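Contents: one structure, followed by commentary.
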Amino acid sequence: MSIVSRDKECIWHPFTRQKNMADPIAIVKGKGSLLFDENGNQYIDAISSWWVNLHGHAHPYIAEKLYQQALELEQVIFAGFTHRPAVELAERLLAILPGNFSRIFYSDNGSTSTEVALKMAIQYWWNQNQKQRNKIIAFKNSYHGDTFGAMSVSDRSVFTLAFHELLFDVVFLDTPTQENISELKNTMQQHASQTAAFIYEPLVQGAGGMNMYDPYLLNELLNTAKLNDIICIADEVMTGFGRTGKFFASEYMHKKPDIICLSKGLTGGTMALGVTACTDRIYQAYVDDDAMKTFFHGHSFTANPLACTAALASLDLLEKEQCLSQIENICASNLTCAAELRKSKLPIKDVRTLGTILAFEIDQGKKEYLNQVSTVITKKALEAGMYIRPLGNTVYIMPPYCIEEVELQKIYSFLLGAW
Ligand SMILES: *Cc1c(COP(=O)(O)O)cnc(C)c1O
């Protein structure tokens, strides 16, 4: 029996309607920006395998580091024990993170990194006897993960419909525009005395449809949050590690977060790992004689040595001159393609780019994830030798940094008409 038919007997895939499910494609190998299936077809991975891959698949440098580490230490409990990869990664992250961070808390994916951030912020106030400060402010259209806390601070959507009554209440703000910014600041101020934290995806709302908004206006909002002592949580799970053209999207703003969440590109897309970093002010609220002020949170695979090793190897590659110029090239090529898309007669609108991300809407009326556009475009892209997976009517690309210029041009030609 083939892998695909065996899969259909035993696997339940994420975000996938089970009835009349299209056959999954069995991938047998990855190399650079290419994926190879069992029938010998190859696909350019134009969305970095759900935004995680930075340096291409099966990168030999990361693989070698992993192999060496696996022979030394593959996993160890992280309460009462520590190890070099975790410490080294924390030191290196603290040196480059955008803000005045002092501590790294490890977990194992993006959702846990935001859960940790929320709990850290809420207990920060609880530890100081300000238990009323337990509300969260978030943006409409936001996405912070699929676990309950992360779902609660994400916009209510068709994906979360079954759970709405169980999700905690959140103050949702529109993303800022020139027109609404003063109203947003007012709302934030009104809720301040009961608010623990404000969580946001800086500059790009990923799963919400690559919705981009202005750094100056976000800075204004962060300023209001800071003036009102609201903890600012930057969810850089998607935007981190060069995606927006800077190492972190928070570098675009003058006001820096108090907590930052990382995952996805953290390990170059090789292993599951989450990081929640906080400032010393937050950390100090947990340093106390009272044992009840401990942060009682952890995961079995907290700071897994292999995952930390992959992250260190990915940082080595990211900090190379060659990788930085690859990122710059993608940014520049995206701008050129965006200009052509705007000039084209295609039924599209809102062409936008930020760094290595390029997105536009298919102008077909209502934005709706469950419609057919996404499926049709995904299929045509596969036939054209690339993997693109629109979010409803939002078509976007987010390639690995190692992508070759010819591969990038092939993707652009597809976007400019082949669908
Ligand atoms: C993907 C994503 C998450 C969730 O990460 P998982 O590893 O999929 O749990 C959280 N926040 C943002 C901004 C994301 O893009």
Side-chain angles (χ1 to χ4, degrees), residues 13-16 47-54 98 105-121 136-157 159-160 163 167 170 172 175 197-213 218 232-244 248-250 252 257 259-277 297 299-304 307 310-311 314 354-357 359 369 389-392 394 396-398 400:
H13 287 271
F15 283 110
T16 305
I47 61 159
S48 300
S49 282
W50 250 346
W51 325 341
V52 300
N53 191 291
L54 301 187
F105 193 97
Y106 288 109
S107 63
D108 45 27
N109 61 73
S111 303
T112 54
S113 77
T114 57
E115 291 279 349
V116 166
L118 297 169
K119 287 176 69 174
M120 216 179 241
I136 306 291
I137 297 177
F139 279 135
K140 284 182 193 159
N141 200 46
S142 60
Y143 178 77
H144 298 290
D146 280 341
T147 50
F148 264 85
M151 254 199 303
S152 292
V153 297
S154 302
D155 202 359
R156 308 290 179 262
S157 74
F159 298 114
T160 52
F163 314 106
L167 302 180
V170 166
F172 284 109
T175 43
F198 164 49
I199 186 169
Y200 57 99
E201 292 160 272
L203 305 189
V204 196
Q205 297 186 305
M210 299 299 152
N211 178 33
M212 297 176 189
Y213 61 101
L218 176 57
C232 297
I233 304 173
D235 178 354
E236 293 230 26
V237 168
M238 183 199 79
T239 51
F241 304 101
R243 274 297 165 209
T244 65
F248 296 99
S250 291
Y252 284 94
I259 296 180
I260 191 166
C261 306
L262 307 170
S263 188
K264 291 204 164 107
L266 172 59
T267 63
T270 309
M271 304 268 308
L273 183 65
V275 153
T276 309
H297 188 106
H299 299 277
S300 314
F301 284 99
T302 293
N304 173 258
S314 175
L354 182 66
T356 65
I357 309 167
Y369 191 95
R389 191 177 198 271
L391 297 150
T394 308
Y396 71 92
I397 59 162
M398 196 189 295

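Every number for a ligand or one of its atoms is a count from 1 in the order of the listing. None of these values were measured; they are calculated from a predicted model.
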Proximal ligand 1 atoms for [X], defined as those under 4.0 Å from one of its heavy atoms:
X: Met238; result: 15 (O)
X: Gly110; result: 4 (C), 5 (O), 6 (P), 7 (O), 9 (O)
X: Ser111; result: 4 (C), 5 (O), 6 (P), 9 (O)
X: Trp51; result: 15 (O)

Report the C-alpha distance between Arg243 and Met398 in whole Å, list the side-chain angles of each, state the deciding distance to 0.1 Å, and finish with yes or no for side chain to side chain contact (heavy atoms under 4.5 Å, CB included).
CA-CA 8 Å; Arg243 274 297 165 209; Met398 196 189 295; 3.5 Å; yes

Are Trp50 and ligand 1 in contact, using a heavy-atom cut-off of under 4.0 Å?
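Under 4.0 Å: no for Trp50.
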
Would Thr114 count as a contact of ligand 1 if the rule is a heavy atom under 4.0 Å away?
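So Thr114 does not count as touching ligand 1.
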
Compute the centroid of each ring, for Tyr143 and then for Phe159, and state whether the two points are separated by less than 6.0 Å.
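No.
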
What about the rings of Trp50 and Phe15, do their centers lie closer together than 6.0 Å?
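Yes, the ring centres sit under 6.0 Å apart.
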
Does any N or O in the side chain of Gln205 come within less than 3.5 Å of the main-chain N or O of Tyr200, such that one atom is a donor and the other an acceptor?
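Looks like no, no N/O pair under 3.5 Å.
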
Are the side chains of Val204 and Asn211 in touch, meaning some heavy atoms are under 4.5 Å apart?
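Not in contact.
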
Where is the nearest protein heavy atom to atom 15 (O) of ligand 1: which residue, which atom, and how far?
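So the nearest neighbour among protein heavy atoms is Lys264 NZ, 2.6 Å.
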
Have a look at Thr147, Asp235, Thr239 and point out the one with the heavy atom closest to atom 11 (N) of ligand 1.
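Looking at heavy atoms only, the winner is Asp235.
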
Test ring pair (Phe, Tyr, Trp, His ring centres under 6.0 Å) applied to Tyr213 and Phe139, step by step
CA-CA 12 Å; Tyr213 61 101; Phe139 279 135; 5.4 Å; yes

Is Asn109 in polar range of ligand 1, meaning some N or O pair under 3.5 Å apart?
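In this structure, Asn109 places an N or O atom under 3.5 Å from an N or O of ligand 1.
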
Region of His144 engaging ligand 1 - heavy atom pairs below 4.0 Å
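Backbone only.
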
Minimal non-hydrogen separation, Leu54 against Ser314, with atom names:
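So the two residues come closest at CD1-OG, 4.1 Å.
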
